[in-house]
Peer 1: 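Below is a structure I'd like to ask you about.
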Amino acid sequence: MILRNLSIHGTEGKKTIYIRHGRITSVTEVNDPVYKQNDETLIDFDDAIAFPGFINSHDHLDFNLFPQLRNGTYKNYRDWGHDIHQQNKNVIDEVLKIPQDLRIRWGLYKNLLNGVTTVVNHGKKIPVPTDLINVLQPASLHSPAFEKNWKWKLNSPLYKSPIAMHIGEGTDTIAKREIDEVIRWKFRRKKIVAVHGVAMSEEQADSFYGLVWCPASNYFLLDQTADIEKLKNRTNIVFGTDSTLTASWNLWEHIRKAKESGINERELLSMLTSNPARLWGLNETGEIVEGKNADITVLRKRESFYDLIPDDILLVLNKGKVKLFDETMAVQMEDFIKNDFSLVIINSRVKYIKGDLSKLVQRIKEYYSKFEFCLSET
């Protein structure tokens, strides 16, 4: 495949990207001659920009059919967890009746519809299909409050680094002391990636290999998020969405929340691409350069990255394979339309997406008739 007449974020001028066998083989100037082999698809763009496929560093793939649940603002995740299981038990039970494989499949689509090509799933390892996007499932301990025997597990040789753990998700002294407790009980030289870390101080951040920042989820539950401006110089910061229990499906709503914290566009994009590639050891993705996997998300150009919305996605490639494309590209993508793609409408824009999304929605509704989503399936 050859992608021509594209801007690549962070570079000057228009480019042509050559992709063979799932990898980027070269990136050239758009005015250079195009060398096309007989079996290659040439795709021309107009006023479009390419990004490395986004890496969502925190999700629970089987929890994305839940509505956002809260009954106020909380001081920590413990209070929230106890509260929703008391006051929203009926909703939780209804969603959990949906078979896990359907919930996981929907979680994958949620990410793909946002241009995510790699998602990090936290929690117990679950069977995940590999036909849509990349899924990483690192060693994971839920949290000091809800993980049994976490002190032993944290230091056990059975749990390999990096270990992801919800830590400091709160605004009170309990949340801050929880971080100190984890630091105190880390005897081995394990790399711990803290998820949320709202209560984390600069000094505490020094003890962690990384921090997954989830501003939309934090503001929803706690009306506060981690002080990333201070923490970014003390540990590796990457970006996560969390599940729809606490945040919108729309990645750009999260991104605009992040902007409110003063993070600039370059830093935020690094948290979605190159930073998590290094943090999670994903050495073959995170950049659009020769030799890397062709994990690429192409969007219409807007004045700012913060102005983008899922409607603007034109093309998503995962290891060089087409997973989603916009209706405006249908003529150039005719061969793909015939090959296991279905239609989805996002705010009146038609997208072609890998697999039968409409059938998935129908199956979900068989178990959960109240299921609604801000997409229209055809």
Side-chain angles (χ1 to χ4, degrees), residues 53-69 84 88 91-138 140 142 164 166 195-196 212 214 216-217 220-221 238-255 272 276 280 282 285 295 297 310 313 316 318-319 321 323-324 342 344 346 351 353-368 370-377:
F54 303 130
I55 301 172
N56 178 4
S57 287
H58 180 55
D59 203 347
H60 301 278
L61 286 173
D62 52 346
F63 280 11
N64 285 295
L65 283 169
F66 285 102
Q68 291 177 243
L69 295 180
I84 64 169
N88 305 103
V91 175
I92 293 170
D93 289 345
E94 279 189 280
V95 174
L96 291 179
K97 287 178 184 177
I98 305 167
Q100 188 186 46
D101 63 319
L102 301 184
R103 291 187 277 125
I104 292 169
R105 188 79 175 166
W106 182 259
L108 293 171
Y109 273 118
K110 181 202 85 168
N111 282 278
L112 176 55
L113 288 162
N114 282 292
V116 170
T117 57
T118 300
V119 61
V120 182
N121 183 66
H122 292 143
K124 293 182 180 179
K125 289 190 177 181
I126 54 178
V128 177
T130 58
D131 60 327
L132 292 177
I133 60 175
N134 310 317
V135 179
L136 180 67
Q137 300 192 77
S140 181
H142 185 278
H166 298 77
V195 181
H196 299 300
V212 185
C214 305
S217 176
F220 178 75
L221 291 188
V238 295
F239 199 85
T241 65
D242 218 331
S243 73
T244 58
L245 261 172
T246 57
S248 164
W249 76 278
N250 183 339
L251 175 64
W252 273 272
E253 291 186 18
H254 300 239
I255 287 168
L272 280 163
W280 301 114
L282 305 171
T285 191
D295 293 344
T297 297
I313 296 175
V316 179
N318 181 17
K319 297 179 181 176
K321 294 183 178 180
K323 302 299 180 179
L324 181 151
S342 56
V344 59
I346 308 178
K351 309 289 180 182
I353 194 163
K354 186 72 174 178
D356 195 338
L357 181 55
S358 298
K359 184 177 179 180
L360 174 63
V361 171
Q362 291 170 5
R363 290 196 62 196
I364 290 170
K365 287 183 176 179
E366 290 174 8
Y367 296 92
Y368 186 46
K370 297 177 183 177
F371 172 54
E372 294 181 0
F373 198 64
C374 54
L375 304 179
S376 300
E377 299 80 21

Peer 1: At their closest point, which heavy atom of Gly123 faces which heavy atom of Ser140, and how far apart are they?
Peer 2: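 Shortest heavy-atom separation between Gly123 and Ser140 comes out as N-OG, 3.1 Å.
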Peer 1: Does the side chain of Leu324 come within less than 4.5 Å of Val344's, by heavy atoms?
Peer 2: no
Peer 1: How would you list, by chain and number, every residue that makes a salt bridge (Lys or Arg N to Asp or Glu O under 4.0 Å) with Glu94, sequence neighbours excluded?
Peer 2: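 Glu94 satisfies salt bridge (Lys or Arg N to Asp or Glu O under 4.0 Å) with Lys370 only.
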Peer 1: Could you check if a side-chain atom of Leu96 sits within less than 4.5 angstrom of a side-chain atom of Phe66, using non-hydrogen atoms only?
Peer 2: yes
Peer 1: I want to check something: taking the side chain as every heavy atom from C-beta on, are Ile98 and Leu65 in contact at a cut-off of under 4.5 Å?
Peer 2: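 Yes, side chains in contact.
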Peer 1: Using modelled atom types and a 3.5 Å cut-off, is there a donor and acceptor pairing between side-chain atoms of Gln100 and backbone atoms of Asp62?
Peer 2: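 No, because the side chain of Gln100 does not come within donor-acceptor range (under 3.5 Å) of the backbone of Asp62.
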Peer 1: Centroid separation under 6.0 Å, is that true for the rings of His166 and His60?
Peer 2: yes
Peer 1: State which residues pass side-chain contact (heavy atoms from CB on, under 4.5 Å) with Asp101; sequence neighbours excluded, sorted by chain then number.
Peer 2: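 For Asp101, the residues satisfying side-chain contact (heavy atoms from CB on, under 4.5 Å) (neighbours in sequence not counted) are Pro99.
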Peer 1: Ignoring hydrogens and angles, tell me if any N or O in the side chain of His196 forms a donor-acceptor pair with the backbone of Cys214 under 3.5 Å.
Peer 2: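 It does not hold such a pair.
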Peer 1: Donor-acceptor pair, distance only, cut-off 3.5 Å: does the side chain of Ser342 make one with the backbone of Leu357?
Peer 2: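 Yes, the answer is positive, given that a donor and an acceptor are paired below the 3.5 Å cut-off.
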Peer 1: Is there a donor-acceptor pair closer than 3.5 Å between any side-chain N or O of Lys323 and the backbone N or O of Asp131?
Peer 2: yes
Peer 1: Between the main-chain N or O of Trp249 and the side-chain N or O of Asn114, is there a donor-acceptor pair closer than 3.5 Å?
Peer 2: yes
Peer 1: Specify the closest pair of heavy atoms between Tyr109 and Lys354, including all atoms of both residues, with the distance to one decimal.
Peer 2: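 Looks like OH-O, 2.6 Å.
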Peer 1: So, using side-chain contact (heavy atoms from CB on, under 4.5 Å) as the criterion, who are the partners of Thr246 when residues are at least two apart?
Peer 2: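 By the side-chain contact (heavy atoms from CB on, under 4.5 Å) rule, Thr246 matches Trp80, Ser217, Phe220, Leu221, Asp242.
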Peer 1: Working to the nearest 0.5 angstrom, can you tell me the gap between Asn121 CG and Leu61 CG?
Peer 2: 4.0 Å
Peer 1: Would you check if Pro276 and Leu282 make a side-chain contact, meaning some heavy-atom pair closer than 4.5 Å?
Peer 2: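 No, their side chains stay 4.5 Å or more apart.
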Peer 1: Under 4.0 Å between a Lys/Arg side-chain N and an Asp/Glu carboxylate O for Arg105 and Asp356?
Peer 2: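 The answer is no: the pair does not qualify as a salt bridge.
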Peer 1: Is there a donor-acceptor pair under 3.5 Å between the side chain of Thr117 and the backbone N or O of Ile133?
Peer 2: no
Peer 1: Quick one: are Val361 and Phe371 in side-chain contact, heavy atoms under 4.5 Å?
Peer 2: yes
Peer 1: Give me the atom names and distance for the closest heavy-atom approach of Val120 to Ser57.
Peer 2: CB-O, 3.6 Å
Peer 1: Of Thr285, Val116, Asp295, Leu272, which meets side chain to side chain contact (heavy atoms under 4.5 Å, CB included) against Ile55?
Peer 2: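 Filter result, single survivor: Thr285.
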Peer 1: Which atom names give the shortest non-hydrogen contact between Pro310 and Asn250, and what distance separates them?
Peer 2: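 Nearest heavy atoms, Pro310 then Asn250: CD-OD1, 3.4 Å.
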Peer 1: Which residue, Asn56, Thr244, Asp59, forms the side-chain hydrogen bond (donor to acceptor under 3.5 Å, both in side chains) with Lys110?
Peer 2: Asp59
Peer 1: Step through the shown structure and confirm whether more than 12 heavy atoms of other residues, nucleotides or ligands are within 6.0 Å of NZ on Lys319.
Peer 2: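 Open: at most 12 neighbouring heavy atoms sit under 6.0 Å from NZ of Lys319.
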Peer 1: So which heavy atom on Trp280 is nearest to which on His122, and how close?
Peer 2: CH2-NE2, 3.9 Å
